[in-house]
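What you are looking at is a predicted structure, and each value in this text was computed from that prediction instead of being measured. Just so you know, these numbers use all the heavy atoms, side chains as well, and skip hydrogens, waters and symmetry mates.
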Amino acid sequence: MSSNSLPMPDAIASAPHLTGSARVLDTLHDWVITVDHKKLGLMYIGMGLFFFLLGGIEAIIIRIQLLFPLYHFVSPQVFNRMFTMHGTTMIFFTAMPILFGFGVYLIPLMIGTRDMAFPRLNAWGFWIALFGGLLLYFSFVGGDGLYGAGNAPDVSWWAYAPLTSRAFSPGHSTDYWTIGVLLSGFGSIASAVNFAATILCLRCPGMTLGKMPLLAWMYLVMAGLVLMAISPLTAAQIMLLLDRYLGAHFFDTQAGGSATIWMHFFWIFGHPEVYILILPSFGFISEMVPVFSRKPIFGYPIMVAATVGIGFISLSVWAHHMFTIGMESYENAFFVLSSMAIAVPTGIKIFNWLGTMWGGKIRYELPMLFCVGFLFQFLIAGLTGIMLAVAPFNWQLHNSYFVIGHFHYVIVGGILFAIFGAFYYWYPKMTGRMLKQKLGLLHFLLFFIGFHLTFDFMHIVGVLGMPRRIYTYEPGRGWEYWNIVISVGAAFQALGIACFAINLVWSYFQGTRAGRDPWDGWTLEWATTSPPPVYNFAQIPEVKSARPLWDFKHPEDPDWKYL
Amino acid sequence: MATAASTIPAGGTWAPPPRGPVGMFCLIAAESAIFVIFLVAYIFYIGRSLSGPTPREVLEVPIFNTVCLLSSSITIHLAVRALRQARMLAFKLFWFLTLALGAKFLIGTGIEWHHLIYERGLTIATNLFGTTYYSLVGLHAFHVLVGLVGLTTVMLFALASKVRPQQSEKVEVFVLYWHFVDVVWVAVFTTVYIVGR
Ligand SMILES: [Cu+2]
């Protein structure tokens, strides 16, 4: 500092006026070094949207290739890379970052505190996950390796052994997949530790566990699932790396290793992963449905119990992904029954949301539209899930497009619809501007139509025998029309997403001002300005019920009177 | 809900759990899951190697090493108790003892591996036993190494007189990790040297 930094009038005036590139650099520096949960949350969401674009392009390439029988839009090698990258990207680098981003952004606000429990760990988790994603995509240029074989990974998103061994997967493409996913797993574990510590330790005075917003409960259980389920994946990835680099034999069938144990290890992660993604979505729905039905959530304690129940049961159903490997009949029976049992708490939740809407004064704002879409589609996803949980049925349709239709119903029809709803609901809080209503409606309609065109008919073509992951197919099997419909649906979805993307950017500059509380909400995030200041709350709030803002707005009839 | 409602805190008695131990317990949960997978792999592959050497032929039970590591849990407990009571010399002494015992364990593992690799010809690529043995014991040894880095860091701060009794809570968070490393060794020891042999 020079002597000119004294508080003289012109010194003050000149200091904040950085111009041009200096200001850009300053802002960039600010975002890179930040440990603020709101900035990190936004960066998580931004990262997710970036990879969503990439994964979407890959999906479009897949759909163009499958548009006609015996079509050659891309080579078989490229096709394999596309579905591998599509799956890996959408799960690990789209859904996870977006859901973590909303959690990181919202949870400190909703539980009335100023940041996450470990802000630096929060930043670490984000940057390591981003690095993992970039490493995965670097494979497109760096994956050739010594053997000149492969570039992007092409072993599918679950990378079955022994396909991933050095012998069958030369070059470095599989290593990029392994290390990218491993790093994203480290980031997820770090964030889960942070979520759990934040929710358990930083709640504002008066907010007992029974008075937390349901979203906080869902993220707490999700964090527990991440700790229990991502860790096995981490362990399995370490084993795979040992196999590939040090010549270990974990999954090397030539040396007595077992390919099946990889499947077990992967699906011990893989099934709970679905719940890691769906629980935050349940959290969004549980926040939005009451606000737009103008009723408190129906059966709060049951919702919590069902969430915890889902958390536990989801750890014991993984082998329903492996019925066709030939298990003992008692094993089959166990996994059939446990997979069906998980439908019970999930069904309870659906009834609770319906019970919340029942007799409510429903406002069909954009978030609520997506909530209703979620309820409808998630129900169907659950029903086809129960069908697939029945082992004999599963033997018929395993690895067919029926399965693809089922899990896209969960992930797109359920999780993605909830995420879109969350965008329309919390975007005003994050930016201070409302998203455009008409454009949002167009987004909903296009995406809804596209979703049903694509994924409804995947079930049919699956029942007609079309296997997943095939490069192309012969004409005359009755699959042609369905595949055209499915691909046309994908185009509708892409148009819907384009509306959404335009809306995100346009409304940031042109949207109407949101104010603190555009939806007449009840949880603490609506008590502060939009966007919230760095410190969130000038004074740490004190709550007496699960709807502190209701209590504040209705002092004559507060919730805590009835507790 | 009824029970939650009855625990409305009065005025200034709001005391949620401290974040340090909660965070560490979460990390320990995740680490446990990782170890469980490696243990399962070890148990699953017992007796499935297609070639020798077998565990019975080459493994010697590292009893002294185990005693060293387990007793380090006691010394670190004594150390942190001394810190809480502001007996700084005792703290440094017990802390150093913990560090020494941990280092002894790691050196012992190193000697064991050297013996296995150069005299018995067992590497990670030899057979399934080698694969699972080195990865499981190695994973644990890696955790000991991380623990030693932590122990050394605190030791250096202590020698510079920067560790004060007020910080005992933070030190205790690290102590949780060290106890975890010891407990895991009991599981690894039982699996590798008793069940697997
Ligand atoms: Cu599953």
*Under the criterion side chain to side chain contact (heavy atoms under 4.5 Å, CB included), which of A:Val308, A:Ile348, A:Leu214 is the partner of A:Met303?*
A:Leu214
_Residue part contacting chain B, namely of A:Leu246, when any heavy atom lies under 4.5 Å_ = both
*Of all heavy-atom pairs between B:Arg197 and B:Arg56, which one has the smallest distance, and what is that distance?*
O-NH2, 2.8 Å
_Out of B:Val36, B:Asn127, B:Ile124, return the one with the most heavy atom pairs under 4.5 angstrom to chain A._
B:Ile124
*Have a look at A:Asp559 and tell me which of A:Lys544, A:Arg547, A:Lys211 forms a salt bridge (charged side-chain N to carboxylate O under 4.0 Å, His left out) with it.*
A:Arg547
*asked:* Sub-4.5 Å heavy-atom contacts with chain A: which residues of residues 131-166 of chain B show up?
replied: B:Thr131, B:Thr132, B:Ser135
*asked:* Counting only non-hydrogen atoms closer than 4.5 Å, does A:Thr198 touch chain B with its backbone (N, CA, C, O), its side chain (CB onward), both, or neither?
replied: neither
*Side chains of A:Thr307 and A:Lys349: donor-acceptor distance under 3.5 Å anywhere?*
yes
*Which residue out of A:Ile189, A:Leu233, A:Ile261 racks up the most heavy-atom pairs below 4.5 Å with chain B?*
A:Ile261
*Regarding B:Thr126 and B:Thr123, is there a side-chain donor-to-acceptor distance under 3.5 Å anywhere?*
yes
_Contact origin within A:Gln254 toward chain B - heavy atom pairs under 4.5 Å_ = backbone
*Could you check whether the rings of A:Phe269 and A:Phe266 sit parallel, tilted or perpendicular, using 30° and 60° as the cut-offs?*
perpendicular
*Report the option among A:Gly224, A:Ala236, A:Cys204 that has the most heavy-atom pairs separated by less than 4.5 Å from atoms of chain B.*
A:Cys204
*Select, from A:Ser258, A:Ala197, A:Ala229, A:Ala223, the one with the greatest count of heavy-atom pairs under 4.5 Å involving chain B.*
A:Ser258
_Between B:Glu172 and B:Arg84, does any NZ, NE, NH1 or NH2 come within less than 4.0 Å of an OD or OE carboxylate oxygen?_
yes
*Between A:Ala255, A:Ser231, A:Gly256, which shows the greatest number of heavy-atom pairs under 4.5 Å with chain B?*
A:Ser231
*Examine whether an atom of A:Leu200 lies under 4.5 Å from a heavy atom of chain B, and if so say whether it belongs to the side chain, the backbone or both; otherwise answer neither.*
both
*Measure distances from B:Pro17 to the heavy atoms of chain A and classify the residue's part below 4.5 Å as side chain, backbone, both or neither.*
both
_Structural part of B:Phe38 lying under 4.5 Å from a heavy atom of chain A_ = both
*Given that the side chain runs from C-beta out, which part of A:Phe250 has a heavy atom under 4.5 Å from chain B: side chain, backbone, both or neither?*
both
_Side-chain heavy atoms of A:Trp262 within contact of A:Pro162, under 4.5 Å_ = no
*asked:* Let's test your reading of the structure: which of A:Ala235, A:Ala196, A:Ala192 forms the most heavy-atom pairs below 4.5 Å with chain B?
replied: A:Ala235
*Would you call the rings of B:Phe174 and B:Trp95 parallel, tilted or perpendicular, where under 30° means parallel and over 60° means perpendicular?*
tilted
*Among A:Asp115, A:Asn122, A:Asn536, which one satisfies side-chain hydrogen bond (donor to acceptor under 3.5 Å, both in side chains) with A:His37?*
A:Asn536
*Would you please classify the geometry between the A:Phe265 ring and the A:Phe251 ring as parallel, tilted or perpendicular, with 30° and 60° separating the classes?*
perpendicular
*Report yes if some heavy atom in the side chain of B:Ile194 is under 4.5 Å from a heavy atom in the side chain of B:Phe189; otherwise report no.*
yes
